[in-house]
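First comes the structure, then the notes that go with it.
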Amino acid sequence: MAGTNGNGEAVKQSPAQPKKYTAKDFASDQDVRWCPGCGDYSVLAQVQRILPDLDVPKEKQIFISGIGCSSRFPYYMNAYGVHGIHGRAPAIASGVKSANPDLTVWVATGDGDALSIGGNHFIHAMRRNIGLKILMFNNRIYGLTKGQYSPTSELGKKSKSSPFGSIDYPFNPVQLSLGAEGTFVARSMDRDPKHLQQVLLRAGKHDGTAFVEIFQNCNVFNDGAYLLYTEKETRSDNVLFIEHGKPLVFGKDNDKGIKLEGFTPKVVSLKDGKHSISDLLVYDETAYELAVLVATFGDRPGFPVPIGVFFQIHRESYEKMMTDQIEAVTKKRGNGDLDKLLKSGNTWVVTAN
Amino acid sequence: MSKTIETVDDVVIRFAGDSGDGMQLTGTQFTNTTALVGNDLSTLPDYPAEIRAPAGTLFGVSSFQLRFSSWDILTPGDQPDVLVAMNPAALKVHLKDLKKSGLILANTDSFDDKNLALAGFPENPLVDDSLHEYQVIEVPITKLTLNALQGIGLSQKEMVRCKNFFALGLMYWMYSRPMEPTESWIKQKFGSEPKIAEANDKALKAGYYYGESTEVFASRFEVKPAQLNPGLYRNITGNEATALGVVAAAKKAGIPLFYASYPITPASDILHNLSGYKNYGVKTFQAEDEIAAAGVAVGAAYAGNLAVTGTSGPGAALKSETISLGVMLELPLVIVDVQRGGPSTGLPTKTEQSDLLFVMYGRDGEAPAPVIAAATPADCFHMAYEAARIAVKYMTPVYLLTDGYLGNGSEPWLVPDSKDLPAIPVTFRTDPENFHPYARNENNVRPWALPGTPGLEHRIGGLEKANITGNVSYDPDNHDFMVHLRAEKVAGIAKDIPLQEVYGEQNGELLVVSWGGTFGAVRSTVDKMRKKGYKLSHAHLRYLNPFPRNLGEILKSFEKIFVPEINLGQLAQLLRSEYLIDVVQFNKVRGLPLRSMELEQAIVKTLEANPAQGKRS
């Protein structure tokens, strides 16, 4: 895969942008109606916190969603917003972005919205590399319809619609988006606000489709789904924070790491005298193959679940190519004259007699 | 040897052959040349859904019918005068339509045992006298083409493929058409393959001079130019006209055109045409599916473009939920449904009028949307333009119905000057003072407020809106109010569309009421019958929701209402429920335009029937 690290690329800035916003400027006047204790509150807060740092005027920010608890997100943002229909947010957002590439377009979606009913739009947005920032709130359950298993629920999940356990294998959203040619693929957690802010900021500045899977706790229908990863006592042994240029180290006191034996990743102890940090895999977020491999860690027994930016490259965005193509053809053929167009083709003149 | 030239004023030719024989190309070339000669014309391409069905089979037959005339014509004709049959299957499929004593030009080289068997002829019809009612001209087209191309340096297969140009040349001679337009087309089309260009050119000329020099043809024909209104004409298909209509509307409105679509027969040509108009600022988006195409269009509309999505029946079904969203969001959107035979995949390459009730009612909830329909291929331009005008003026999704016959068929179009097209004023809201996303003007229309406008940040969505503020509202009375308001907004468009015109007497015994692509067949039949002395009038509807505001009065001015449709009576149902009147239905759902003869018989029967009985024939 060709490409360069797009890390740190700034979005186009509006020249007339004297105002420095605060998080509060992005809060709408609507009462937030998520259940008390819902992980969505944290995501909302972190998004509002990082927006001032994007230096994009409020009126150029637009949030588009589908259906589900997370899709109420646009109502709570003091920006432009469209609360769409189930699964179709990437399509609506693609229309907005291609019609006006100057806008910063966010998609708020959930695991059911993005990966089930909207799976097709999700993968095709990625493939096109259209400038959307897709935030997928993954609570591994259908919340708004009150507790059916979702496409990210684990096999055997007992839920309202699977009382004897689900027989659906789940998607790994990071793998899916890598397979769909995403140019920015990341994962973070509602209960790690700092990390979430960093990832959101980078997604906000990415040129092309940015995908962020956010582990989000549904305290009503799937409470504790991510406790292992979010609680202090268990987190360090079960979460691998991946960072560009850094070795894959995790565990209490950074006592474990991951190395590669052939094509097989292996968890090793850094305390047993057999391995040192120099044996470990060093993460490279521009390396596609590495991202695909590391994305599988969460599904391997004994491995920590990776969190962070898996992959980022720069590739020409859909909207840029669309604009460029129109400019190139216009340059070549001249500005279209409507009368000329109407009178082109197979024409003849009938004269009055 | 000079031959007599007979002048005729109206000819219907049907070119038929294997789908790989180039019949569509042959027909199109004959059409373009005929347009330049100055005849009025009307075309009916008919091709199989399979791209290249097995050679020689009945289902692989592709045809192109063309009618040209010295006077104003409205249809491609019921029955061909001439059938060019490139193989036995083409003869078998099309013979039943040919006029008695019509002319069959048969390529004898293809009438071998294998092809005869594939076509289901137990005996060769060219020798067993079964065609005695027709004039049969047997020409070994393949052999003659090969002879003409000897030594040109092409393979046998490549040379055989030029035989359609031989047939075209022969028909050019027969109907006194010039060869120059096709000669220059060949030069342009095959410029990079000089041998192929030369071969096609030679085959064309060989066909032409074959007519001139052989004894087979005693005479040839001439069709004098039609007396059309003066001006610049363009031969145009409905799909081309639809594409131009929305381009023109966007230009006049001063906003960019955004066309989002998923390929589907017979609507894809709209996408093909528009994707070539990049220097007119047109954005086209080939979406991953029909639903996405509608969603992308809604997004583009929100961002301030003239958003259009085109499809055919099955695609319209998929778009339905998104169009409901458009109704709720009150955003302008044009949906073009180029109707085809249904249900399901049905007859994808054939025409039908069976989506009317679907586009009227096929949405969740009370989701009213204006519906208009084009009457002829060229009328697609005006109705596409009109759909855009209504959409942006009333901030609503608008359905434009065309059909496969209109979309693929062509006719001469008197090209308008852009300055004569009606204005399409568009105002985007920019003033934050007192801005409310669901505040309304005198037409109950909310403002178009684009993302990117400082101070107008607001949220819209599929949940019910409080009037004025646009905030989410679950209030029962608000919902009742909004449901009524949306319905009233669409109903109110009636005051902004033309009154219905009646052709013929304004009252009387019988009014024929039609809509959409049947215009040509119905109007020409009514005309013919009026000339014969029958008393009947015709109202052709282009506005189906809302109906023109005088339609009720018109219907009450006639004793009998006769409604011919290529469906099972969908307009008939709408008229009955809207105006509490009964109507006589005429329904033929063959995937083809209505036939004048059948229509006439049914109308005569209705006229003769006792008014008290048999209202539904």
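From a predicted model like this one, the values you see are computed outputs, not experimental measurements.
Side-chain rings of Trp34(A) and Tyr41(A) approach one another, their centers coming within less than 6.0 Å. Aromatic ring centroids of His83(A) and Phe63(A) lie 6.0 Å or more apart.
Heavy-atom distances place both the backbone and the side chain of Pro412(B) under 4.5 Å from chain A. With a 4.5 Å cut-off on non-hydrogen atoms, Thr322(B) touches chain A through its backbone and its side chain both. For Pro454(B), the parts lying under 4.5 angstrom from a heavy atom of chain A are both the backbone and the side chain. Of the two parts of Asp417(B), the backbone and the side chain both hold a non-hydrogen atom closer than 4.5 Å to a non-hydrogen atom of chain A. Neither the backbone nor the side chain of Ser71(A) comes within contact range of chain B; no heavy atoms are under 4.5 Å apart. For Leu341(A), the parts lying under 4.5 angstrom from a heavy atom of chain B are both the backbone and the side chain. For Tyr318(A), the part lying near chain B is the side chain, with the backbone staying farther off; criterion is any non-hydrogen pair under 4.5 Å. Contacts of Phe258(B) with chain A are made by side-chain atoms alone, with heavy-atom separations under 4.5 Å and no backbone atom involved. With a 4.5 angstrom heavy-atom cutoff, Ala292(B) touches chain A via backbone and side-chain atoms both. Contact of Arg88(A) with chain B is made through the side chain alone, with heavy-atom distances under 4.5 Å. Neither the backbone nor the side chain of Glu327(A) comes within contact range of chain B; no heavy atoms are under 4.5 Å apart. In this structure, chain B has a heavy atom under 4.5 Å from the backbone of Ala79(A), while its side chain stays farther away. Heavy atoms of Leu342(A) lying under 4.5 Å from chain B belong to its backbone as well as its side chain.
For the options Lys251(B), Lys283(B), Met328(B), heavy-atom pairs under 4.5 Å to chain A are most numerous at Lys283(B). By number of non-hydrogen pairs under 4.5 angstrom with chain B, the leading residue of Ile85(A), Leu338(A), Ile64(A), Thr323(A) is Ile85(A). Counting heavy-atom pairs under 4.5 Å between each of Val247(B), Val298(B), Leu325(B), Val282(B) and chain A puts Leu325(B) at the top. The candidate from Val472(B), Asn305(B), Ile291(B), Thr284(B) with the greatest count of non-hydrogen atom pairs under 4.5 Å with chain A is Ile291(B). Ranked by non-hydrogen atom pairs under 4.5 Å with chain A, the options Lys419(B), Lys252(B), Arg234(B), Glu240(B) are led by Arg234(B). The candidate with the highest count of non-hydrogen atom pairs below 4.5 Å against chain A, out of Leu456(B), Leu329(B), Leu414(B), is Leu456(B). For the set Gly87(A), Ser65(A), Gly334(A), the count of heavy-atom pairs under 4.5 angstrom toward chain B peaks at Gly334(A). Interface summary for chain A: among Leu36(B), Leu228(B), Thr453(B), Asn471(B), the most heavy-atom pairs under 4.5 angstrom belong to Thr453(B).
More than 12 heavy atoms of other residues, nucleotides or ligands sit less than 6.0 Å from atom OH of Tyr233(B). More than 12 heavy atoms of other residues, nucleotides or ligands shown are found within 6.0 angstrom of CZ on Phe26(A).
Side-chain contact check for Gln61(A) and Trp106(A): at least one donor-acceptor pair (N or O, by modelled atom type) lies under 3.5 Å. Donor-acceptor pairing under 3.5 Å is recorded for the side chains of Thr34(B) and Arg177(B). Side-chain contact check for Ser69(B) and Asn39(B): no donor-acceptor pair (N or O, by modelled atom type) lies under 3.5 Å.
A cation-pi arrangement is absent between Arg459(B) and Tyr75(A), since the terminal nitrogen or guanidinium carbon is not both under 6.0 Å from the aromatic centre and inside a 45° cone about the axis.
A salt bridge links Asp102(A) and Lys60(A); the closest N-O separation between the charged side-chain nitrogens and carboxylate oxygens is under 4.0 Å. Salt bridge status for Glu288(B) with Arg128(A): present, with a side-chain N to carboxylate O gap under 4.0 Å. Asp40(A) and Arg72(A) are not joined by a salt bridge, as no carboxylate oxygen comes within less than 4.0 angstrom of a charged side-chain nitrogen. A salt bridge links Glu290(B) with Lys319(B): the closest approach of a Lys/Arg side-chain nitrogen to an acidic carboxylate oxygen falls below 4.0 angstrom.
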